[in-house]
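So the structure is just underneath, and the comments pick up after that.
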Amino acid sequence: MATRRLDIEKFKEALLRDRERLCSESKRIARRNSEENQADEVSELADYDNHPADYATETFEREKDLALDRNVDDLIANIDRALGKIEAGTYGICDRCEREISRERLKALPYATFCIDCQDIVEGR
């Protein structure tokens, strides 16, 4: 049990580091979008100079940032769920079959909620 407790502490530390990194990334994306919005307001007067391809590039970049931000938000939510499971004493237990999730899987994906067999079932493999 002591070894399992040490493992959980290591996973908790890794989750907290990942969460901090992702929160910084989310702030960076938001700051970049804010700066772009301000630049758009200023450049509205010069719209006649811009080529349609420039607009397409800007639209693509904004959509990419929105997708990245959604992904970051989802990852933060998964990490928060895993941290909650640590606090509840259920971390590392599969949500579906209630067996232990392998240490190797948790090393690869510390916020995993299913063992590999149940993940395959959930994904229809």
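What you see is a predicted model, and the numbers here were worked out from it, not measured in a lab.
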F11 side chain reached by L106 side chain, heavy atoms, under 4.5 Å: yes
Do side-chain atoms of S24 reach the backbone of E20 as a donor and acceptor pair under 3.5 angstrom? yes
Using the rule side chain to side chain contact (heavy atoms under 4.5 Å, CB included), only one of L75, D69, V72 pairs with E25; which is it? V72
With a 4.5 Å limit on heavy-atom distance, are the side chains of R32 and R28 in contact? yes
Are the side chains of S102 and I116 in contact, using a 4.5 Å heavy-atom criterion? no
Ignoring hydrogens and angles, state whether a donor on the side chain of R96 or Q119 is under 3.5 Å from an acceptor on the partner side chain. no
Quick test of your reading: applying side-chain hydrogen bond (donor to acceptor under 3.5 Å, both in side chains), list the pairs with at least one residue in residues 70-84, sequence neighbours left out, ordered by first then second residue. R19-D80, N78-R81
Taking side chain to side chain contact (heavy atoms under 4.5 Å, CB included) as the criterion, tell me which of E100, R105, R99 meets it with C115. R99
Establish whether I79 and I29 are linked, either directly or via other cluster members, by ILVMFWY side-chain heavy-atom contacts under 4.5 Å. no
Is T113 close to Y91 at the side-chain level, that is, under 4.5 Å between some pair of heavy atoms? no
According to side chain to side chain contact (heavy atoms under 4.5 Å, CB included), who are the partners of E98, at least two apart in sequence or on a separate chain? I93
With sequence neighbours excluded, tell me which residues meet side chain to side chain contact (heavy atoms under 4.5 Å, CB included) with K12. E9, L16, L83, I86, E87
Shortest non-hydrogen contact from C94 toward C97: SG-N, 3.4 Å
Reported CD1-to-CZ distance for the pair I101 and F114, which is rounded to 0.5 angstrom: 9.0 Å
